[in-house]
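First comes the structure, then the notes that go with it.
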Amino acid sequence: MKQVLGSCLCNRVTFTCENDFSHFHLCHCTQCQKATGSAYAANLFTDVDNIAWLTGEAIIKRFNVPGRSISNAFCSECGSAVPYKSLSGKALVVPAGSLDSEPNIRPLSHIFYAERASWYDSITACKKFDSMPD
């Protein structure tokens, strides 16, 4: 199986894993909106042991949402989302944006769609630019 590399924005946290993801969900729950500062979290799921930290594991911080089985792990230097073991211990959650190469699968579903941001459904009508507009 081919390996994929991943990193945070400041590149202090780096990792590698086998490109063997079983699920890819776009989660619209309100907690994921808060954690990402966006409309949804794009998360890949794989075997819990499918990671090798290359650098920066010691600077990762984790927040477990009280009363929910939701977590957020991030680089304490730049705040970028990084992989973490699910609270159940059954999966490794890998933020899709943390990968430096293409995952083996595409998004499979939108989950917690009823909680989506009120403005989410209008995004397909937005103008599209290849860079910052003038």
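Note that the numbering runs from 1 along the sequence shown for the chain. Because the structure is predicted, anything quoted here is derived from the model rather than measured. Atoms considered below: every heavy atom in the structure, side chains included; atoms not considered: hydrogens, waters and symmetry mates.
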*Please find out if less than 6.0 Å separates the ring center of His28 from that of Phe112.*
no
*Counting only N and O atoms by type, is there a donor-acceptor contact under 3.5 Å from the side chain of Asn19 to the main-chain atoms of Glu102?*
yes
*Drop me the distance from Phe15's CZ to Cys8's SG, to the nearest 0.5 angstrom.*
9.5 Å
*Any donor-acceptor pair under 3.5 Å linking the side chain of Tyr84 with the backbone of Ser71?*
yes
*Not counting sequence neighbours, list each pair that qualifies as a salt bridge (Lys or Arg N to Asp or Glu O under 4.0 Å) and has a residue in residues 71-94.*
Arg12-Glu77
*Kindly write out the residues that satisfy side-chain hydrogen bond (donor to acceptor under 3.5 Å, both in side chains) with Ser88, not counting sequence neighbours, or none if the list is empty.*
Ser86
*asked:* So Leu5 and Leu54, do their side chains get closer than 4.5 Å, heavy atoms only?
replied: yes
*Spell out, as yes or no, whether a donor-acceptor pair under 3.5 Å connects the side chain of Ser98 to the backbone of Gly6.*
no
_Where Leu92 and Asp47 come nearest, the two heavy atoms and their spacing_ = CB-O, 3.5 Å
*May I ask whether Phe129 and Ile123 are part of the same hydrophobic cluster, defined by side-chain heavy atoms of I, L, V, M, F, W, Y residues being less than 4.5 angstrom apart, directly or through others?*
no
_Interatomic distance, Gln3 atom CD to Ser101 atom OG [nearest 0.5 angstrom]_ = 10.0 Å
*Rounded to the nearest 0.5 Å, what separation is found between the NE2 atom of His23 and the CG atom of Asn43?*
13.0 Å
_Do Phe74 and Ile59 sit in one hydrophobic cluster, given that two such residues count as connected whenever their side-chain heavy atoms are within less than 4.5 Å of each other, even indirectly?_
no
_Using 0.5 Å steps for rounding, measure from the OG1 atom of Thr55 to the CG atom of Asn11._
6.5 Å
*Using a cut-off of 6.0 Å, state whether more than 12 heavy atoms not belonging to Phe45 lie near its atom CZ.*
yes
*Is the shortest heavy-atom distance from the side chain of Asn64 to the side chain of Leu87 under 4.5 Å?*
yes
*asked:* As a quick check of understanding, evaluate side-chain hydrogen bond (donor to acceptor under 3.5 Å, both in side chains) for Ser7 and Thr14, giving each step before the final call.
replied: CA-CA 4 Å; Ser7 61; Thr14 59; over 6 Å; no
*Which atom names give the shortest non-hydrogen contact between Pro66 and Phe63, and what distance separates them?*
CD-CZ, 3.9 Å
*asked:* On a heavy-atom basis, which atom in Ala42 and which in Phe24 lie closest, and how many Å separate them?
replied: CB-CE2, 3.9 Å
*Is there a donor-acceptor pair closer than 3.5 Å between any side-chain N or O of Thr16 and the backbone N or O of Val4?*
yes
*asked:* Are Trp53 and Pro83 packed together at the side-chain level, in the sense that at least one heavy-atom pair is separated by less than 4.5 angstrom?
replied: yes
*Which salt bridge (Lys or Arg N to Asp or Glu O under 4.0 Å) pairs, counting each pair once, include a residue from residues 119-133, with sequence neighbours left out?*
Arg116-Asp121
_Gap between atom CD1 of Ile60 and atom SG of Cys75 - 0.5 Å precision_ = 8.0 Å
*Is Ile70 reachable from Val93 through a run of hydrophobic residues whose side-chain heavy atoms are each under 4.5 Å from the next?*
no
*asked:* Among Pro107, Ser109, Cys32, exactly one meets side chain to side chain contact (heavy atoms under 4.5 Å, CB included) together with Leu26. Which residue is that?
replied: Pro107
*Considering all heavy atoms of both residues, which atom of Ala39 and which atom of Tyr120 are nearest to each other, and what is their separation?*
CB-CD1, 3.8 Å
*Does Asn50 reach the main-chain N or O of Cys17 with its side chain, forming a donor-acceptor pair under 3.5 Å?*
no
*Just by distance, do the side chain of Glu115 and the backbone of Thr30 share a donor-acceptor pair under 3.5 Å?*
yes
_Exercise: identify the closest heavy-atom pair between Ile105 and Ser22_ = CD1-C, 3.8 Å
*Minimum heavy-atom separation for Asn104 to Phe21, with atom names?*
OD1-N, 2.9 Å
